[in-house]
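Below, chains carry the letters A, B, ... as their sequence lines are ordered, and counting in each starts from 1.
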2 protein chains.
Amino acid sequence: MRAVEKIAASLRDKGLKLTPQRRLIIEILSKDRSHPTVEDVYKQVVEVMPEVSRTTVYNTIREMSSLGEIVEVQDLSDGGIRYDTCAESHHHFFCISCRTLRDVELKMPHAAEFSDDLEGCEIVREQMTIYGICPSCRDAAKKAGKN
Amino acid sequence: MRAVEKIAASLRDKGLKLTPQRRLIIEILSKDRSHPTVEDVYKQVVEVMPEVSRTTVYNTIREMSSLGEIVEVQDLSDGGIRYDTCAESHHHFFCISCRTLRDVELKMPHAAEFSDDLEGCEIVREQMTIYGICPSCRDAAKKAGKN
DNA sequence: CACTACGTTGTAATCATTATAAATATAAAC
DNA sequence: GTTTATATTTATAATGATTACAACGTAGTG
């Protein structure tokens, strides 16, 4: 539960309080590697604390997002913004067929090395999203194509 | 107006019709490099053809998107999904302070060269989004920080 | 001129998100 | 351990983006 402590400390730094609701939301977010929407998180929250409101989940996630503790990931326009704890920087592969998003580890040099357009910019984060067809969808398409 | 012709051809291939409304929407989208939302496009459309409905703009953009002629770009959670004609592949810089998105040219090797996680995937597109603070916001912050 | 298929329009419905205001819980000071 | 000031939660209502739907329009075919 390292991540939770880190985020809790960050909250305190800003004079914000660590309530049971927030603690739970943070725990869920840092365990869930599936890039959940707010609604996904809410569903998990109410399993443990049924009386928590959606608003609290929205507020908490928004606050942590503005604190930089979690990040929004590419919206796939399937119901809501998705979030990701950014503990370790990583990138994403999105299958345009089954519409799933999965993590990809890329040992890649920094973008600034490949561009003059970033002169004078302070770079905080780099996020690559690779779009394509995952192996299982590809196999399915191949099979279907044999008709 | 090369892009318009290309998209028009793509429509015909699928048995879809090139109506005046669609032509206009395509023209506007391929000229506008500001990653407009549907609403942005709609506003430009009605300046030329005031009777066009939002629904048509939504439908057309959705169709072109599923045709792969335009792509959604990273949602900044400021009102709506943003679109981009993908004529030339390019990447984005997003200023987390002024919340603007601008194009960046990156002469970068393909992601697949840096990862084993993409084994068996058919890659269609790679989209890098760089988050940070643009030069003008940075200067503004520096000035403000002198107090 | 009908027939057919696709497009468009306007309206209503849906879904995600944010605003508001009253009630409550928290951390720190006493 | 109260008290106090402030932050937080809650429920509800409002907003904004997007989609569903049904009626009307258009173009091409026989």
>> Going by the rule salt bridge (Lys or Arg N to Asp or Glu O under 4.0 Å), which residues pair with A:D103 if we only count those two or more places apart in sequence or in a different chain?
In response: A:R33
>> I'd like to check the salt bridge (Lys or Arg N to Asp or Glu O under 4.0 Å) partners of A:E122; sequence neighbours left out, ordered by chain and number.
In response: B:R138
>> Once salt bridge (Lys or Arg N to Asp or Glu O under 4.0 Å) is applied, what residue pairs with a partner in residues 48-65 of chain A remain, sequence neighbours excluded?
In response: A:R22-A:E63, A:E39-A:R54
Starting at [atom1] of [X] and ending at [atom2] of [N], how long is that distance when rounded to a whole Å?
X	N	atom1	atom2	answer
B:R54	C:dA12	CZ	P	15 Å
A:M49	D:dT8	CE	P	15 Å
B:E39	D:dT19	CD	C1'	15 Å
B:Y42	D:dG16	OH	C1'	15 Å
A:R23	C:dA27	CZ	C1'	15 Å
B:I25	C:dT8	CD1	C1'	10 Å
B:L24	C:dT8	CG	C1'	14 Å
B:R12	C:dG7	CZ	P	13 Å

>> Looking only at the side chain of A:T19 (C-beta and beyond, no hydrogens), which of the listed nucleotides D:dT10, C:dT26, C:dT17 gets closest?
In response: C:dT26
> From the list D:dT8, C:dG7, D:dT10, which nucleotide is the closest neighbour of the side chain of A:R22?
Replying inline: D:dT8
> If Ile, Leu, Val, Met, Phe, Trp and Tyr residues are connected whenever their side-chain heavy atoms lie under 4.5 Å apart, and connections chain through other members, are B:L11 and B:V57 in the same group?
Replying inline: yes
>> Please give me every residue in residues 55-67 of chain A whose heavy atoms get under 4.0 Å of an atom in DNA chain D, ordered by residue number.
In response: A:T55, A:T56
> Quick one: ring-ring contact (aromatic ring centres under 6.0 Å, His included) pairs with a partner in residues 45-66 of chain A, sequence neighbours left out?
Replying inline: none
> Could you give all pairs that pass the ring-ring contact (aromatic ring centres under 6.0 Å, His included) test and reach residues 15-43 of chain B, with sequence neighbours left out?
Replying inline: B:H35-B:H92
>> Applying a 4.0 Å non-hydrogen cut-off, can you work out what B:E51 is touching in the nucleic acid: base, sugar-phosphate, or nothing?
In response: sugar-phosphate
> What is the nucleic acid contact for B:P20, judged by heavy atoms within less than 4.0 Å: base, sugar-phosphate only, or nothing?
Replying inline: nothing
>> Holding to side chain to side chain contact (heavy atoms under 4.5 Å, CB included), I want the full list of residues that pass it with A:Q21, two or more places apart in sequence or in another chain.
In response: A:T19, A:M49, A:V52, A:T56
>> So, using side chain to side chain contact (heavy atoms under 4.5 Å, CB included) as the criterion, who are the partners of A:S66 when residues are at least two apart?
In response: none
>> Does C:dT9 have its OP1 or OP2 closer than 4.0 Å to a side-chain nitrogen or oxygen of B:Q21?
In response: yes
> When every nucleotide of nucleotides 22-30 of chain D is labelled 5' to 3' by its protein contacts under 4.0 Å (heavy atoms), B for base, S for sugar-phosphate only, - for none, what sequence of letters results?
Replying inline: ---------
> Does the pair A:K43/A:E47 count as a salt bridge with the N-to-O cut at 4.0 Å?
Replying inline: no
